[in-house]
Amino acid sequence: MKILIINAGSSSVKYQFMDSDSGEVFAKGLCERIGIDGKLTHRVPGKPNYEADIPMPTHNEAIIAVLDIMVSPEYGVIKSVDEIDAVGHRVLHGGAEFTESCIIDDACIAAIERCIPFGPLHNPANLMGIRACRQVMPDKKQVAVFDTAFHMTMPPKAYIYAIPYEYYEKDGVRRYGFHGTSHRYIAGRTLKLLGRENNPEGTKIISCHLGNGSSLAAIKDGKVVDTSMGLGPLAGFPMGTRSGDIDPTIIEYLMGIYNMNIGEMLNILNKKSGVLGISGVSSDFRDLDAAAKDGNERAALALEKFCYEVTKYVGAYAAAMGGVDAIVMTAGIGENNGELRGRILGGLEYMGVKIDPELNAKRGDERLISAADSKVKVFVIPTNEELMIAMDTAELCK
Ligand code: AMP
């Protein structure tokens with residue numbers, strides 16, 4: 001089926017149009033500055049990029065602009081909107097309401113609205129995209145795919161926080177986890193590479209999604225048993241600009257000294273912390289690598305801290321599962337930064353992890369980077385969240 005995938009932000013819409021069977025991407029692009037002025041960037045493989053300023057007062061005009069360019073004789077990839085079989089939406093937070101993807105109807109929209117307190121920035125924006133598509137394409141089936149859903153198999157000991165139980169029962173405070181669509185893709189591909197896709201029982205996989213936002217998932221028998229993000233995506237290990245886990249005492253201490261309110265404090269933890277906060281240089285690991293090689297000690301410390309914390313999580317998840325068969329590196333850093341992969345996993349020989357430096361240095365697609373005598377297989381697998389969304393959408397709409 002030909003599926004249009006929508007990832008709506010508060011002032012942007014990313015889209016991709018792809019075949020859910022072959023994974024072929026026909027077109028993709030971005031609407032930006034919605035509500036301000038409006039800009040469309042449209043890419044079709046093998047053709048020059050198309051960029052245009054198009055007024056987009058709301059998400060509706062953005063979706064209309066996407067459909068117009070998709071059917072345009074010069075830059076389009078379809079003759080008519082009828083050729084779009086269904087629409088799949090990325091939705092950040094499904095709370096405990098959604099354990100899998102679902103067809104979007106009024107009940108589904110109401111449930112996504114109930115999850116707004118858990119994802120106050122993303123869920124309202126995701127809903128704007130959903131509502132715009134429903135208005136512009138009322139006859140098309142639409143599907144919501146949640147970043148949290150794959151993690152809903154975690155046992156209570158992994159998802160409960162050690163605070164009064166009533167906050168879990170009454171208010172839904174628990175670990176939810178994110179990047180679930182990516183971790184699910186990685187789990188599926190890894191099981192296939194291990195020859196265990198039809199027999200996942202007994203397998204132990206650690207999926208490391210290392211990008212600007214990062215999380216790890218411990219996946220046993222093909223199901224998540226723990227993950228590093230929490231109620232929100234600020235938790236876990238340091239990321240590009242997010243702090244990861246910190247001692248909550250720091251919050252009260254700094255708010256007192258600098259007379260900050262909680263919004264200002266959270267802005268620091270979300271946008272000014274992580275490797276950016278430590279280095280003062282950049283949130284981008286390429287800039288950090290360059291600065292560290294230039295002798296910048298704080299950039300070097302930021303990289304060291306990142307690797308140290310990821311290594312600790314890998315060790316913790318191996319302990320949680322009683323071993324590990326495969327460790328997988330994915331997303332911008334995991335797929336592209338061999339040096340960091342080596343630093344994260346290099347010290348784990350005691351656990352049976354042995355990286356082959358030559359394989360690790362090679363660039364390419366899906367590949368094994370562990371040595372032949374490594375007890376644990378280590379793979380680099382480029383993630384493909386869009387393909388997962390397309391496959392779920394096709395499955396639910398057939
Ligand atoms: P993501 O959020 O998955 O797009 O990942 C963004 C991070 O991946 C940034 O810190 C980049 O520095 C890093 N990254 C992306 N592409 C490359 C590359 N070709 N080489 C090294 N790092 C990269």
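Whatever order the structure lists them in is the order used to number ligands and atoms, beginning at 1. Index from 1, following the sequence. Worth knowing before you read on, the calculation uses all heavy atoms, side chains too, and leaves out hydrogens, waters and symmetry mates.
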*Can you check whether a protein heavy atom sits less than 4.0 angstrom from atom 4 (O) of ligand 1?*
no
*Would you say the side-chain atoms of Ser214 pair up with the backbone N or O of Met239, donor to acceptor, closer than 3.5 Å?*
no
*Is the ring centre of Phe98 less than 6.0 Å from the ring centre of His93?*
no
_Tell me the protein heavy atom at minimum distance from atom 7 (C) of ligand 1, and give that distance in Å._
Ile333 CG1, 3.8 Å
*Got the closest protein heavy atom to atom 10 (O) of ligand 1, with its distance?*
Phe285 N, 3.0 Å
*Which of the numbered atoms in ligand 1 are below 4.0 angstrom from a heavy atom of Asn212?*
1 (P), 2 (O), 5 (O), 6 (C)
*Below 4.0 angstrom, N of the basic side chain to O of the carboxylate: do Arg286 and Asp284 qualify?*
yes
*Do me a favour and list the nearest non-hydrogen protein atom to atom 12 (O) of ligand 1 with residue, atom name and distance?*
Asp284 OD1, 2.5 Å
*Gly332 N/O under 3.5 Å from ligand 1 N/O*: yes
*Do His122 and Asp147 come within less than 4.5 Å of each other through their side chains, counting heavy atoms only?*
no
*Pull out every atom of ligand 1 sitting under 4.0 Å from any heavy atom of Gly211, numbered as shown with elements.*
1 (P), 2 (O), 3 (O), 5 (O)
*At what distance is the nearest protein heavy atom to atom 20 (N) of ligand 1, and which residue and atom is it?*
Asn336 CB, 3.3 Å
*asked:* Strictly distance-based, threshold 3.5 Å: is any side-chain N or O of Thr241 a donor or acceptor partner for the main-chain N or O of Asn270?
replied: yes
_Students should be able to answer this: which protein heavy-atom is nearest to atom 22 (N) of ligand 1, and at what distance?_
Arg286 CG, 3.6 Å
*asked:* Using modelled atom types and a 3.5 Å cut-off, is there a donor and acceptor pairing between side-chain atoms of Arg242 and backbone atoms of Pro233?
replied: yes
*Side-chain donor or acceptor of Asp247 paired with backbone N/O of Thr249 under 3.5 Å*: yes
